[in-house]
Amino acid sequence: MKALILEVTSAVLGAAREFLVAQGFVELLPVILAPVTDPLRTTPDRAIVSAYGQDWYLTRSMIFHKQAAVRVCPKIFSFSPNVRLEPPERANTRRHLFEFVQLDLEVREAKREEIMALGERLFLYIVQEIRREFGQELAKLGRELPEYPRPFPRVTWQEAYHEFGEDFELALSHRHSTPVWVIDFPIDQREFYDREDLHRPGILVDMDLLYPEGYGEALSGGEREHLPERIRTRIIRQGLDPVAYTSLLKLAEEGLPPSAGFGIGIERLVRFLLGLQDVRETRLFPRVPGVAAAL
Ligand code: ASP
Ligand code: MG
């Protein structure tokens with residue numbers, strides 16, 4: 001089984017790369033140490049390496065590097081190792097690793113709508129390729145990957161919250177037999193880089209995609225704040241210190257283009273494709289929050 005999991009993971013990377021390169025994307029090598037990284041307020045612990053007289057964060061996501069990179073190439077992606085020191089209580093959610101790999105992509109001048117369409121087509125291409133290459137193995141496991149129709153259904157955060165409360169993600173995911181989008185998160189539910197819709201103040205032009213059958217979140221993304229004053233306002237609103245984001249603000253003052261993109265976790269995708277119980281099964285050397293590792 002372990003070999004199959006690794007083969008499927010490898011095929012997922014290959015299919016994603018093939019799909020994106022055919023769409024004109026350029027692959028960036030990942031950034032692992034950075035002086036500034038994703039704030040991720042719900043995961044407060046930081047992994048830091050001190051060297052050369054400064055602190056370097058282990059990248060929690062490549063969000064700011066993506067925004068900077070689309071100044072150079074209009075469509076970029078990276079298989080980016082992310083370190084997020086999740087609390088040990090998340091050891092048994094079946095969905096959390098504190099080191100994982102995210103396929104992170106960004107498109108200059110893009111709107112949410114086209115990024116959602118891209119996300120659907122990328123996901124369906126990967127499903128198709130895995131079905132084609134591993135049909136027999138999937139059948140033996142009793143795993144069925146149907147043809148999911150596009151576009152995937154959408155619900156707003158408000159609707160989801162109203163119906164299911166705070167923990168709507170798993171409830172929605174369980175209810176659906178096809179992937180489902182959650183759009184329009186309220187401003188205080190997300191990080192400062194998701195763009196606020198100025199026609200609907202307090203609402204973000206962003207989205208999550210949830211897997212069906214209770215597998216939970218697949219990806220997060222959205223349009224980005226790219227203007228320095230907007231970024232500063234959002235940083236302050238989140239109770240963060242703008243000084244910590246000086247380099248990002250400086251970059252924005254020099255000029256960051258508008259962009260949109262998303263990040264999709266590879267291990268969660270493999271878990272979903274193979275119908276595995278726990279995301280830790282996808283890795284040979286899983287990093288489970290609070291759990292010691294031998295290698
Ligand atoms: N930075 C987001 C995350 O890691 C993904 C994105 O918005 O592109 O969840
Ligand atoms: Mg997310």
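Two residues are said to be in side-chain contact when any heavy atoms from C-beta on lie closer than 4.5 Å; R234 and I187 meet this criterion. The shortest side-chain heavy-atom distance between E147 and R131 falls under the 4.5 Å cut-off. When side chains are defined from C-beta on, S259 does not count as touching H226, because their heavy atoms never get closer than 4.5 Å. For the pair F25/L105, a side-chain contact is recorded, criterion being any heavy-atom separation below 4.5 Å from C-beta on.
The hydrophobic cluster analysis finds I236 isolated: no Ile, Leu, Val, Met, Phe, Trp or Tyr side chain comes under 4.5 Å of it, directly or through other members. Grouping Ile, Leu, Val, Met, Phe, Trp and Tyr residues whose side-chain heavy atoms lie under 4.5 Å apart, directly or via other members, leaves V205 alone, with no other cluster members.
Of the possible polar contacts, one joining the E159 side chain to the T156 backbone as a donor-acceptor pair under 3.5 Å is found. Between the side chain of E196 and the backbone N or O of G202 there is at least one donor-acceptor pair closer than 3.5 Å. When atom types are taken as modelled, the side chain of R150 and the backbone of L124 share no donor-acceptor pair closer than 3.5 angstrom. A donor-acceptor pair is defined here as one N or O able to donate and one able to accept, closer than 3.5 Å; such a pair exists between the side chain of R271 and the backbone of L276.
Ring pair W157/F168 is perpendicular by interplanar angle, where above 60° counts as perpendicular and below 30° as parallel.
Listed by chain and residue number, R46, S50, D55, Y57 satisfy the side-chain contact (heavy atoms from CB on, under 4.5 Å) test with I48 (two or more places apart in sequence, or in another chain). Residues satisfying the ring pair (Phe, Tyr, Trp, His ring centres under 6.0 Å) criterion with F164, sequence neighbours excluded, are absent altogether. P88 meets the side-chain contact (heavy atoms from CB on, under 4.5 Å) test with no other residue; sequence neighbours excluded. Listed by chain and residue number, A11 satisfy the side-chain contact (heavy atoms from CB on, under 4.5 Å) test with E133 (two or more places apart in sequence, or in another chain).
Counted within 6.0 Å of NZ on K2, heavy atoms from surrounding residues, nucleotides or ligands total more than 12; the atom is thus considered enclosed. Shown here is L29, whose CG atom has no more than 12 heavy atoms of other residues, nucleotides or ligands within 6.0 Å. Counting heavy-atom neighbours within 6.0 Å of Q54 CD, excluding the residue itself, gives a total above 12.
Pairs passing the side-chain hydrogen bond (donor to acceptor under 3.5 Å, both in side chains) check and including a residue from residues 167-176, sequence neighbours excluded, read E163-R175. For residues 284-295, no residue pair satisfies the side-chain hydrogen bond (donor to acceptor under 3.5 Å, both in side chains) rule, not counting sequence neighbours. Residue pairs meeting the ring-ring contact (aromatic ring centres under 6.0 Å, His included) criterion with at least one partner in residues 77-107, sequence neighbours excluded, are F77-F79. Screening residues 89-98 for salt bridge (charged side-chain N to carboxylate O under 4.0 Å, His left out), with sequence neighbours left out, gives E86-R90. Pairs engaging residues 64-81 under the salt bridge (charged side-chain N to carboxylate O under 4.0 Å, His left out) rule: K66-D104, K66-E106, R71-E254 [sequence neighbours left out].
The cluster map of Ile, Leu, Val, Met, Phe, Trp and Tyr, joined by side-chain heavy atoms under 4.5 Å apart, puts Y125 and L273 in the same cluster. Transitive grouping of hydrophobic side chains (ILVMFWY, heavy atoms separated by less than 4.5 Å) keeps V182 and L219 in distinct clusters.
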Steps toward side-chain contact (heavy atoms from CB on, under 4.5 Å) verdict (E114, K111): CA-CA 6 Å; E114 69 187 271; K111 296 290 182 205; 4.3 Å; yes

Check against side-chain contact (heavy atoms from CB on, under 4.5 Å), H65 and L28: CA-CA 10 Å; H65 303 92; L28 283 192; 5.7 Å; no

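Nearest heavy-atom pair, P289 versus P87, reported as atom, atom and distance to 0.1 Å: CB-O, 3.5 Å. Of all non-hydrogen atoms in P39 and F64, the two that sit nearest each other are CD-CZ, 4.0 Å.
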Atom pairs and distances, side-chain donor-acceptor, residues 207-216, under 3.5 Å, sequence neighbours left out:
{"from": "D208", "atom 1": "OD1", "to": "R190", "atom 2": "NH1", "distance (Å)": "3.0"}
{"from": "D208", "atom 1": "OD1", "to": "R190", "atom 2": "NH2", "distance (Å)": "3.1"}
{"from": "D208", "atom 1": "OD1", "to": "S220", "atom 2": "OG", "distance (Å)": "2.7"}
{"from": "E213", "atom 1": "OE1", "to": "R143", "atom 2": "NH1", "distance (Å)": "2.9"}

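Under a 4.0 Å N-O distance rule, the pair D188/R237 qualifies as a salt bridge. The pair E137-K140 does not meet the salt-bridge criterion, since no charged nitrogen lies less than 4.0 angstrom from a carboxylate oxygen.
Residues E120 and Y148 have side chains that never bring a donor and an acceptor to within less than 3.5 angstrom of each other.
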